[in-house]
Amino acid sequence: MSFRQIISKHRKLWQKFAANWFYFKTSQARRLIKIFKGLWFLILWPLEISGDLLFAPRAKAKSLKLPPNPKILIIKIDQLGDVLFSTWLLPALKRQWPQSQIDYLINPKSAAVLQNNPNIQKLNFWSNWLLANIPGRQKISLKTRWQKFKQNRAANKLTKKELKAAKYDLIINGRGFWPSSNFLGRSLGGGLVSFDISQFSFLANIIVPYDLKAWEEINYKNLLEKIGVAPEIIKNLDARGQFYNFPPRAGQTPATHPDQAPESIWILSPVSYDPEKTWSPKIWQKFIEIWLKQNPGPRLVISGLKEQLDWLEQIKKGFLQKPWLLSRLNFLTDLNIGQLAELIKNSQGFIGLESFPAHLAIAFKKPTYCLVNSRLFYVPNLSRQKLVDGR
C-alpha cells in the first residue's frame, strides 16, 4: 500500500465509525452494540494505523504464484447471508484452477449453509468469541459466557493445528469489517488476501481496496482479479450464492433434487435477529392485506424461527376477524435451513428483509423484494437508497 492508499483506507474506517457512532435514535440494545463497536475501534485504531505505516508500505505481492492445483481456504466467519453470498466465488475459482481444493473456515452455525456444496471439500469451524458476545445481542450470564469462551478456545486450538497442517497456498479473508481474522490467516502460512478495511490488513500479502459505496459483488470481483482469476471468467460471473443442502428424499441425495414447478405461493419473511431492521406488526398487517387484495391468486407463507413465533402471532392477530384473508395465510416457524430453502425454491417469489432468506431467494433466481426500516439503515453519503429493492 502506498501512503495515499493508507490515507484512503483510514478515511473509510472513520466514515464507518461516524456512521455508526453519531446515529443514536435506536433501541437500547442497538445503542449498546454501537457503543461497543465504537470503543473497540477507538482502542485498536492506533495499532491499525501504526501497523499500516510500519508494514503496509513495504513491497506487497502484485500477484501470487499458485500451483496448478492450489489448496484454497476461504475465511468467512460471518452471518448466514454473508456466508451464502460468498459462495458465488467458487465457480470462478474452479474455472481458473479446475483441480483446486477449496475449504471454508466458518462459524459452526453456518454449516447448514455450505453442506453438500460440490465445490467445497471441507468445512472447518471457528468460534469468534468477540463476535458472539457483542453487548446487546445475547442475554446470557457472565458465567455462561466464560464457559463458552473456554470451550471455544479449546476447539479453536485444535482447528488451528489442522489448518496449519493442511498447508494452504491461498487464504482469502472474505470479511471486510472489524473484527476480522487476519492474525489467524497470517499464522497459517500461504498467501493471505484481505480487503484494506479488514482489521490488521497490513498482515496480508495482497491488500484489496474496498469501496464502501459499491455493490458487494464489485468488491469481490476486485478481489478475484487481484488473486489472478482471468478477466473473461470474472466478466461472466452471476453474483448469486450456491445452496445444495435440501432435505434428502428417498433414493436421492440432497444435492440431486429435481426442480419442481413453483407452487402458487409467495414467501414473506418479516423478522430479523435485529428487530429494528423490520417494520412493526401493524405495518406488516397493512402491507399483507393490500398485497392479498392486489394478488388474488397465490397464498402467502409467512416464515420465521421458533423464537420469533410470538412476534409472528402479533401479525396473525390482525387477521382473526378477517377469515377470508386468514385462509390465504400460512405461518411456519419450525423450518430448518434446508426446509426453508426448498420452500423458497418452489415458490413464485419472496418478500422480506435484507437477510439470509433473501439471499436464498436471490440464489434461486426468484423475484425478490427487500424492505428495510430506512430510519435505521439510511446513512448520508454512505447509502444512496432509503428503500432497498432486491435484484
Side-chain angles (χ1 to χ4, degrees), residues 1-21 33-65 72-78 82 86 105 107 126-134 152-153 156-157 159-160 163-164 168-214 216 219-220 222-228 382:
M1 292 174 67
S2 65
F3 185 72
R4 179 178 294 181
Q5 289 171 323
I6 293 174
I7 295 298
S8 174
K9 165 188 172 175
H10 287 273
R11 184 185 296 118
K12 288 182 286 188
L13 288 177
W14 281 98
Q15 275 185 300
K16 280 184 57 60
F17 171 80
N20 173 72
W21 193 253
I33 296 173
K34 284 176 171 286
I35 291 171
F36 177 83
K37 287 184 175 180
L39 293 176
W40 179 259
F41 173 77
L42 291 176
I43 291 170
L44 291 183
W45 179 77
L47 296 177
E48 188 78 28
I49 186 66
S50 300
D52 284 336
L53 293 174
L54 289 172
F55 301 109
R58 298 181 180 179
K60 293 285 181 181
K62 294 183 179 180
S63 63
L64 295 174
K65 296 181 180 180
I72 302 172
L73 177 69
I74 298 176
I75 300 178
K76 195 62 179 166
I77 305 170
D78 228 319
D82 297 314
S86 73
L105 180 64
N107 188 297
W126 190 272
S127 298
N128 189 308
W129 187 85
L130 181 63
L131 280 176
N133 289 277
I134 292 178
N152 292 343
R153 184 175 60 177
N156 289 348
K157 188 176 180 180
T159 298
K160 187 174 181 180
L163 293 175
K164 280 188 172 183
Y168 291 101
D169 301 296
L170 173 63
I171 299 169
I172 300 173
N173 184 1
R175 181 172 170 83
F177 305 119
W178 292 25
S180 306
S181 304
N182 284 317
F183 264 125
L184 172 62
R186 186 61 172 175
S187 69
L188 301 180
L192 174 63
V193 180
S194 169
F195 290 114
D196 60 348
I197 63 171
S198 180
Q199 190 175 12
F200 301 144
S201 62
F202 54 82
L203 296 171
N205 301 94
I206 293 181
I207 301 174
V208 183
Y210 190 97
D211 188 344
L212 289 174
K213 296 182 180 181
E216 186 73 348
N219 290 311
Y220 270 130
N222 290 338
L223 186 150
L224 290 173
E225 181 182 0
K226 290 286 186 180
I227 64 176
L382 289 183

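We're numbering straight along the sequence, starting at 1. Scope of the values below: all heavy atoms of this structure, side chains included, with no hydrogens, waters or symmetry mates.
Taking the six-membered ring for Trp and thresholds of 30 and 60 degrees, Phe55 and Phe202 have nearly parallel ring planes, at less than 30 degrees apart. Aromatic ring pairs are classed by plane angle as parallel below 30°, tilted from 30° to 60° and perpendicular above 60°; the pair Trp45 and His10 is perpendicular.
For the pair Asn222/Pro209, no side-chain contact is recorded, criterion being any heavy-atom separation below 4.5 Å from C-beta on. Under the 4.5 Å side-chain criterion, counting only non-hydrogen atoms from C-beta, Ile77 is not in contact with Arg175. Inter-residue side-chain proximity for Phe200 and Arg186 is flagged as unmet; no heavy-atom pair is nearer than 4.5 Å. Looking only at side-chain heavy atoms (C-beta outward), Leu188 and Lys160 come within less than 4.5 Å of each other. The shortest distance between side-chain heavy atoms of Ile35 and Leu39 falls below 4.5 Å. In this structure, Lys37 and Phe177 have side chains that are not in contact, with every pair of non-hydrogen atoms separated by 4.5 Å or more.
When the shell of 6.0 Å around CD of Glu225 is examined, it contains 12 or fewer heavy atoms from other residues, nucleotides or ligands.
Within the model, atoms NZ of Lys12 and CZ of Phe195 stand 10.0 Å from one another, a figure rounded to the nearest 0.5 Å. Here Ile206 contributes atom CD1 and Ile171 contributes atom CD1; the two are 12.5 Å apart, rounded to the nearest 0.5 Å. To the nearest 0.5 Å, atom CD of residue Glu48 and atom CH2 of residue Trp178 are 4.5 Å apart. Here CD1 of Ile49 is found 13.5 Å from CG of Leu44. Values are rounded to the nearest 0.5 Å. The distance from the OH atom of Tyr168 to the CD1 atom of Ile72 is 10.5 Å, given to the nearest 0.5 Å. Atom CD1 in Ile172 sits 14.5 Å away from atom NZ in Lys226 (nearest 0.5 Å).
Minimum interatomic distance between Ile197 and Gly176 (heavy atoms only, all atoms of both residues): CG1-O, 3.0 Å. Closest approach of Gly190 and Asn205 over heavy atoms only: O-OD1, 3.7 Å.
Of the residues Asp211, Asp196, Asp52, the one that meets the salt bridge (charged side-chain N to carboxylate O under 4.0 Å, His left out) test with Lys9 is Asp52. For the side chain to side chain contact (heavy atoms under 4.5 Å, CB included) with Val193, the qualifying choice from Val208, Ile75, Leu224 is Val208, the only one to do so.
Taking the salt bridge (charged side-chain N to carboxylate O under 4.0 Å, His left out) definition, one finds that Lys76 meets it with Asp78, sequence neighbours left out.
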Query - Test log, rule side-chain contact (heavy atoms from CB on, under 4.5 Å), inputs Ser127 and Arg153 - result: CA-CA 8 Å; Ser127 298; Arg153 184 175 60 177; over 6 Å; no
Report task. Please report the C-alpha distance between Leu184 and Asn156 in whole Å, then the side-chain angles of each, then the deciding distance to 0.1 Å, and finally whether the side-chain contact (heavy atoms from CB on, under 4.5 Å) criterion is met. Result -> CA-CA 11 Å; Leu184 172 62; Asn156 289 348; over 6 Å; no
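Side-chain N or O atoms of Asn182 include one that pairs as donor or acceptor with a backbone N or O of Gln199 at under 3.5 Å.
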